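In what follows, a structure is listed as structure tokens, so that the remarks can point back to it.
Just so it is clear, the structure is predicted and the values come from calculations on it, not from any experiment. Below, chain A is the first sequence line, B the second, and so on; all start at residue 1.
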4 protein chains.
Amino acid sequence: MMARPKSNDKRRAILDAATRVIAAQGLSAPTATLAREAGISNGSLFTYFATKSELLNQLYVELKTEMAAALHGFPAEAPLREQVLYVWTNWMRWATTHPDKRRALALLAVSDDITPETRAVANRLMAGVTGLMERVRAGGPLREAPMPFVGAMLTSLAETTMDFMIHDPPNAAQHCAVGFETAWRAIG
Amino acid sequence: MMARPKSNDKRRAILDAATRVIAAQGLSAPTATLAREAGISNGSLFTYFATKSELLNQLYVELKTEMAAALHGFPAEAPLREQVLYVWTNWMRWATTHPDKRRALALLAVSDDITPETRAVANRLMAGVTGLMERVRAGGPLREAPMPFVGAMLTSLAETTMDFMIHDPPNAAQHCAVGFETAWRAIG
Amino acid sequence: MMARPKSNDKRRAILDAATRVIAAQGLSAPTATLAREAGISNGSLFTYFATKSELLNQLYVELKTEMAAALHGFPAEAPLREQVLYVWTNWMRWATTHPDKRRALALLAVSDDITPETRAVANRLMAGVTGLMERVRAGGPLREAPMPFVGAMLTSLAETTMDFMIHDPPNAAQHCAVGFETAWRAIG
Amino acid sequence: MMARPKSNDKRRAILDAATRVIAAQGLSAPTATLAREAGISNGSLFTYFATKSELLNQLYVELKTEMAAALHGFPAEAPLREQVLYVWTNWMRWATTHPDKRRALALLAVSDDITPETRAVANRLMAGVTGLMERVRAGGPLREAPMPFVGAMLTSLAETTMDFMIHDPPNAAQHCAVGFETAWRAIG
DNA sequence: AATGAATGAGAATTCATTCAT
DNA sequence: CATGAATGAATTCTCATTCAT
């Protein structure tokens, strides 16, 4: 009758468990482990996600959604640099506050299991930020470059900065600031 | 008394096959597939590499060695910018000329199978370039930042640029140039 | 909520199959053969026994338990010789009635897969008989010898007698009786 | 041209290595290990023994031959008890002096690889002792029992005694003596 | 729906034996 | 003959997915 089974709680539990387990063990973690960690039976997992691959795709979207949410709400009136700084800071905060989610997301991003459709959906989630980036690009040195290129360059600098913040917490604030300045020089 | 000496050709064949297969199917490609692709039997693979993990570690070093070789030979007298441009260009050329190697290397770089020892060895291969980067950093805006951070930022921009070059060959030259300018602004 | 409960029948089927197959082919019999013989799939065997080694250990305990059960119930009031004769006779009867179990048990007893813990458990099963042996020893020529030595000597005579009974059924009763007299002379 | 290849030294080296390795690792020790331990190449092993099974069979005969040699030379004039004691003592000495050989022999004795033909050959080696045993039997309580039965009973007591001597060296002499008295009571 | 046992197609290795050198 | 690489069948164990309860 219903495509979506009843308990959304369980769906969440599975996705949360998957985030934790994948962060710790990688994408090859057995579905049985995910189920156990979620407190359900291994069979039940497949009433919520038809295949492991589908679970991964949905998790990718969920995590990206959450991450995107953390970036939005930037002050549209402020100078561009302020806006980007706001996004950058929130991004870094989200990543360092949720290192498991960050790691799972990074693993998923390079997985062959993630379909092009899923990637398209995920990208759309960043639309708001993409709009901001668009404005940044238009007024900066990369105004001739294609938008995806600019976005990817920024993202790669952000990811790298996150890694340093996560692995070197004492200097996290420092890394965050330097990372931003670097990124701003690159594309701002 | 040498019987059939352990053929270097065969070792190469395995590593080459692994590069291809891993680029296409990922690190979880069965050893049997690697063997078949290398034109040897199942069991023979293990006379050349005791475990799959060892094969991956050696492949990582091989690929990194090759990549590093492609970057070196930059003109030590020229202005720093020239030197970096030289490295950048060669790097991009190597990556776009050998997309399989590039992809395999990228997958290996994030694999849990690669040991810290192997990573240390691989890093030492880049010593020459690291020296150049050191000089760049010292004279640029990142002079206060730790060297690994600067290296990682540059690398991430390079990787991103490569991806665009590989997936959009018509504009490869363009991407290459824009990527370099962006990187130079960021850290030069 | 019990789904398919882990069937005790199936566990038994595996152990029985293992007994038969091991008696016929030795301890190196493939797990796949045990599974086939038990009428289950390859993989199912491992839901009942995590490893082949664990299966062997449990089988050892099962067989020893059964054997020990066959020995007990000797008449505590009767003269020692009567009691021992009772044990001896039951022992021989069990062995000749279940030659597969006997052979499997003999193979397991000398296997490196059987852990010290398992051996300890198995020995405890013979406690009642050991008590009897203790009384026999105390009143006989071996009263100065350590108990394990006496037990081992008796066991070895019993094992030998069994072999003859099994391989020469027509004279089994004869072997049984002569074996007992010999053993009683040795330690009674 | 020649059934037997040249170097008897190598044959010996292989058999000696096999004794050591099998004592330590069991009969499933790889032929490659035996070869390495013997200081030859794995391929060479098969010019001396066509199959692993043949190697095991020959080793069994060799060890049994050596053991039999250690038992012989008993004083034919002395009283039977003296003669048996002589045999028993030499047997124990050989076993405790060469625990590897003893263990390898014990493992081989229960192996399925040993053919009936080999067993027949091995038994013939004990002919001298068997003759002595025959005389013992004829004058003792087992005069009605078949000779193989008597021999097996004695052997089992001897094996058990050896085990205790080997695993409890401080009391080896004690075990040896008690074992003999027990055996003599049983069959003398 | 939920459960967890059942399934069976792999996966990485191992190893006796063969064969090119 | 010696060598040791080559072979490929065999082995234990894993895991996504299905299905009986």
Given that C/Asn42 and B/Lys52 both sit by DNA chain E, which one's nearest nucleotide is further toward the 5' end?
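Its nearest nucleotide lies further toward 5', so the answer is C/Asn42.
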
Take A/Ile40 and C/Ile40, find for each the nucleotide of DNA chain E with the closest heavy atom, and name the residue whose nucleotide sits nearer the 5' end.
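That would be A/Ile40.
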
According to a strict under-4.0 Å criterion, is [X] in side-chain N/O contact with OP1 or OP2 of [N]?
| X | N | value |
| --- | --- | --- |
| D/Tyr48 | F/dA2 | yes |
| A/Thr47 | E/dA2 | yes |
| B/Ser44 | F/dA5 | no |
| D/Thr31 | E/dC15 | no |
| B/Ser28 | E/dA11 | no |
| A/Lys10 | E/dA1 | no |

With no hydrogens and no angle check, just 3.5 Å: does a side-chain donor-acceptor pair link B/Gln58 and B/Glu62?
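Absent: no donor and acceptor within the cut-off.
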
Within the structure provided, determine whether [X] and [Y] are in side-chain contact (heavy-atom separation under 4.5 Å).
| X | Y | answer |
| --- | --- | --- |
| B/Leu55 | B/Thr31 | no |
| B/Leu15 | B/Phe49 | yes |
| D/Leu56 | D/Leu27 | yes |

From C-beta outward on [X], which listed nucleotide comes closest to its side chain: [options]?
| X | options | answer |
| --- | --- | --- |
| D/Phe46 | E/dT17, F/dT18, F/dT12 | E/dT17 |
| D/Ser41 | F/dT7, F/dA2, E/dG4 | F/dA2 |
| D/Thr51 | E/dT13, E/dA16, E/dT17 | E/dT17 |

Atom [atom1] of [X] to atom [atom2] of [N]: distance rounded to whole Å?
| X | N | atom1 | atom2 | answer |
| --- | --- | --- | --- | --- |
| D/Phe49 | F/dA2 | CZ | P | 12 Å |
| C/Leu45 | E/dG8 | CG | C1' | 14 Å |
| A/Arg11 | E/dA1 | CZ | P | 15 Å |

From C/Leu34 CG over to C/Arg20 CZ, what is the distance, rounded to the nearest 0.5 angstrom?
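Going from the CG atom of C/Leu34 to the CZ atom of C/Arg20 covers 10.0 Å.
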
Let me spell it out: for each of C/Ala32 and A/Ser53, pick the nucleotide of DNA chain F with the closest heavy atom. Which residue's pick is nearer the 5' end?
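Counting from the 5' end, the first nearest nucleotide belongs to C/Ala32.
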
Paired nucleotide for F/dT3 [Watson-Crick or G-U wobble; both distances under 3.5 Å]
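Its partner is E/dA20 (Watson-Crick or G-U wobble, both distances under 3.5 Å).
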
